[in-house]
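It should be emphasised that the depicted structure is a prediction, and the values quoted were computed from it without experimental measurement.
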Amino acid sequence: MLVRGWLLCVFCFHTCAGISQQCKFHHSVCLMEPELLDRSFKNPLKEHIRHGMGQQDTPHRNRPHRRKGGRVRTEETEPRIVHHPSDVVVKPGSPATLSCRVDGSPKPTIEWLRNGQPLGTDKGDGRAVPMVLSEGSLFFLNVGGGRRGQTHEGVYACVATNSAGKATSRNASLYIAVLKEEFSVQPGDAEVAEGEVAVLYCGPPMGHPEPNVIWKKDGVPISNTDHHYTKLSGKLIIAPAEKSHSGSYVCVARNIMGERQSRAARLSVLGKPVLVLKPENVSVRTGESAHFYCQARGDPPPTVAWSREQGPLPNGRYLINPDQTLQLHYVTVQDAGSYTCTAANHVGVVAAVAQLQVEEAPSTEQKDFHRELSALRVTLENVTIIASESNVSLVQWKLQSLPVQPHYLDGFEVLYRPLLPVSSDWAALRVSLPGFQAQVGPLKRGYKYEFKVRPYGSSLYGRESNTRHLRVPERAPSAPPLAVSITVDHEQNNTVHLSWEPPPPDSHNGVIQGYQVWCMESDEQQYQNWTVDSGQHSLDVSTLEPGKQYWVTMAAVNGAGVGTLSDPHGFVTKPQLGDATEPDTHKQDASPVLALLQDP
């Protein structure tokens, strides 16, 4: 009996020690149920013998603990990241979330690393401290906020830990969004010819996320469906360029921080020269005149030049008119050959060739005509105005001495044309022998003219003389501006709008250079005046006092001075609010005002 009691005591002590050891593996909480404890005391001898043979139970964290009825208790598993955080870009002051979800048993605890170091907290400013949400995500209420100079940018990772182990997520970066102001490359103005490739360059500002670049033409975004446009690394490629592509282009860079616009770049798609009228082959007899026609267009307008394959154009016997027509007078056999019309601007050149065929005159008399006229030399000696302030010129020339008296000379033809301010075709005035001078006019006052003389006989012409220039004197305009109109806008601070039309053309007496406008206040008889350019036919005046009566007159101005004044026009400005005095809107005696305006 004593032995059995001793054995029972030893077994109970050993069993309790085992149970205590198992409890240690459940976080110091013993989960043994009464049935398990009761079962531990059953068959004590069998249990004692089993322990004595070295079959002691060894607790293990992954070994399931079975309960009565065959149910499986919770199994410990290492943490596993089921949703890794991703990179985010956030505007300063905005919220942000770095997501992280894990599983594991027991439920893992989650903490975060920033740049490889445990994420600290700042008790002093709650807005600057990110929070770990219940599912493990990291939440920023105000990215970039908090203490001066603090930034939340960095590389983050979440770390999940439980009793079975630890797991770390992939790295995720948090960036503070930014978009700089300055473009690294501003688009520049460009000119290309139709059909060529136009390229506009743009280096957008630095930004994160990298800004998206779009282009606008004349304020409207370029259509992505237009096959003429290609956007490549910030560049805008237009191919083939057409006239409709001319305009103002702006490069626009955008990200979540907003947008930046570059300077406006002007693209000009220019037109290469095109001959709309090509010269055709011409056949004439000796002594006659030949005409070659050539007209070109382009953008900018091309210059047209004539050349001859066999050498220079015949000296003194050719004329190129403003319409680009080439005239050859008193044609000789030596003038035959190829004549080329060339049109050029700075984007291209085009040319066309025509042939001149010259036939010998059939009769001896006509040959003598040619021989005599070709030998004549005319000198233009003088071109003057016949009297002061006149617009009629006196042209004088002489014929160089000849060994024999000319038999076929009928007279001379005076050629003249205006050069400035506009050019036009030559006009002709015939003078029969024995005249060696002529009056040409009336000419346009203020214009510069060019003169020359050539001999003629029958329908043939000889060599042209030298040229001389003459500027016709001006006189002050003899009529006032027409259709003078005055409108007072009382709602816009008594702004006065004046408009008019130029005087009649025959009264310009020169080239109108501008207009003089005078405005006089009735009471104090003081006036203001303005000068505007000739192309401006209106004027807005906003410097007049309220509640006053004013008179306005105006005149055209040319190189000779101020022209005839217009009739005075009166008007009244509206008084200021609160001004008890009202202007006298009845017609006042304008005689003193008119007298002063006659000599402003």
**Request:** Would you mind reporting whether Tyr339 and Leu328 have side-chain heavy atoms less than 4.5 Å apart?
**Result:** yes

**Message:** Please evaluate residues Val552 and Val517 with respect to the criterion side-chain contact (heavy atoms from CB on, under 4.5 Å), reporting the C-alpha separation (whole Å), side-chain torsions for both, the decisive distance (0.1 Å), and the verdict.
**Reply:** CA-CA 7 Å; Val552 169; Val517 180; 4.2 Å; yes

**Request:** Go through the steps for Asn466 and Thr379 under the test side-chain contact (heavy atoms from CB on, under 4.5 Å), then give the verdict.
**Result:** CA-CA 6 Å; Asn466 57 303; Thr379 302; 4.0 Å; yes

**Request:** Taking Asp299 for its side chain and Ser268 for its backbone only, find out whether a donor-acceptor pair lies under 3.5 Å.
**Result:** no

**Fill in**
Closest heavy-atom pair, Cys251 versus Val213, reported as atoms and distance to 0.1 Å, is SG-CG1, 3.6 Å

**Item:** Side-chain (Asp489) to main-chain (Thr495) donor-acceptor, under 3.5 angstrom
**Value:** no

**Message:** Could you check whether any side-chain N or O of Arg468 sits under 3.5 Å from a backbone N or O of Leu380, counting only pairs where one atom can act as donor and the other as acceptor?
**Reply:** yes

**Asked** Got a donor-acceptor contact below 3.5 angstrom from the Tyr293 side chain to the Asp323 backbone?
**Response** no

**Prompt:** Can you tell me how far NE2 of His346 sits from CD of Glu191, rounded to the nearest 0.5 angstrom?
**Reply:** 4.0 Å

**Asked** Which of parallel (below 30°), tilted (30 to 60°) and perpendicular (above 60°) describes Phe451 and Tyr416?
**Response** parallel

**Prompt:** Does the side-chain contact (heavy atoms from CB on, under 4.5 Å) test come out yes or no for Asn224 and Tyr229, once each step is laid out?
**Reply:** CA-CA 8 Å; Asn224 293 326; Tyr229 294 105; over 6 Å; no

**Prompt:** So, do Gln324 and Leu277 sit near enough that their side-chain heavy atoms are less than 4.5 Å apart?
**Reply:** no

**Prompt:** Is Arg445 salt-bridged to Glu474, cutoff N-O under 4.0 Å?
**Reply:** no

**Request:** Indicate yes or no: at least one non-hydrogen side-chain atom of Leu399 is less than 4.5 angstrom from one of Leu409.
**Result:** yes

**Asked** Between Leu498 and Val484, is any pair of side-chain heavy atoms under 4.5 Å apart?
**Response** no

**Prompt:** Regarding Asn529 and Gln516, is there a side-chain donor-to-acceptor distance under 3.5 Å anywhere?
**Reply:** yes

**Message:** So does Pro187 get a backbone contact from the side chain of Arg263, meaning a donor-acceptor N/O pair under 3.5 Å?
**Reply:** yes

**Message:** Any non-hydrogen side-chain atom of His508 less than 4.5 Å from a side-chain atom of Pro503?
**Reply:** yes

**Note, Arg308 side chain near Leu356 side chain (heavy atom, < 4.5 Å)** = no

**Message:** I'd like to know if the side chain of Asp218 reaches the main chain of Gly247, judged simply by a donor and an acceptor atom lying under 3.5 Å from each other, with no hydrogens or angles considered.
**Reply:** no

**Message:** Please give me the minimum heavy-atom distance between Val269 and Ser246, naming the atom from each residue.
**Reply:** N-OG, 2.8 Å

**Request:** Check whether any side-chain N or O of Thr573 sits under 3.5 Å from a backbone N or O of Lys548 as a donor-acceptor pair, and report yes or no.
**Result:** yes

**Complete:** Minimal heavy-atom distance between Leu470 and Ser393, with the atoms involved, is CD2-CB, 3.6 Å

**Request:** Could you pull out the closest heavy-atom pair between Val562 and Ala555, with the gap in Å?
**Result:** CG1-CB, 3.7 Å

**Atom pair OG (Ser507) and CG (Leu482), whose distance is rounded to the nearest 0.5 Å** = 7.5 Å

**Message:** Is the shortest side-chain heavy-atom distance between Phe412 and Ser465 below 4.5 Å?
**Reply:** no

**Lys272 side-chain N/O to Gly298 backbone N/O, donor-acceptor pair under 3.5 Å** = no

**Separation between CD of Glu450 and CG of Leu420, rounded to the nearest 0.5 Å** = 10.5 Å

**Smallest separation among heavy atoms of Ala556 and Ile512, with atom names** = CB-CD1, 3.9 Å

**Message:** Quick one, Trp518 and Met520 - any side-chain contact, counting heavy atoms below 4.5 Å?
**Reply:** no

**Message:** Could you report the tightest heavy-atom contact between Gly446 and Val511, atom names first, then the distance?
**Reply:** O-CG2, 3.9 Å

**Request:** May I ask you to check whether over 12 heavy atoms, not counting those of Glu280, lie within 6.0 Å of atom CD?
**Result:** no

**Item:** N/O donor-acceptor pair under 3.5 Å between Thr553 side chain and Ser566 backbone
**Value:** yes

**Asked** Are any side-chain N or O atoms of Asp410 and backbone N or O atoms of Tyr456, one a donor and one an acceptor, separated by less than 3.5 Å?
**Response** no

**Worked verdict on Val488 versus Tyr550 for side-chain contact (heavy atoms from CB on, under 4.5 Å)** = CA-CA 11 Å; Val488 182; Tyr550 290 89; over 6 Å; no

**Prompt:** To the nearest 0.5 Å, what is the distance between OG (Ser283) and CD (Gln355)?
**Reply:** 11.5 Å

**Request:** Report the C-alpha distance between Ser223 and Thr225 in whole Å, list the side-chain angles of each, state the deciding distance to 0.1 Å, and finish with yes or no for side chain to side chain donor-acceptor pair (under 3.5 Å).
**Result:** CA-CA 5 Å; Ser223 173; Thr225 60; 2.7 Å; yes

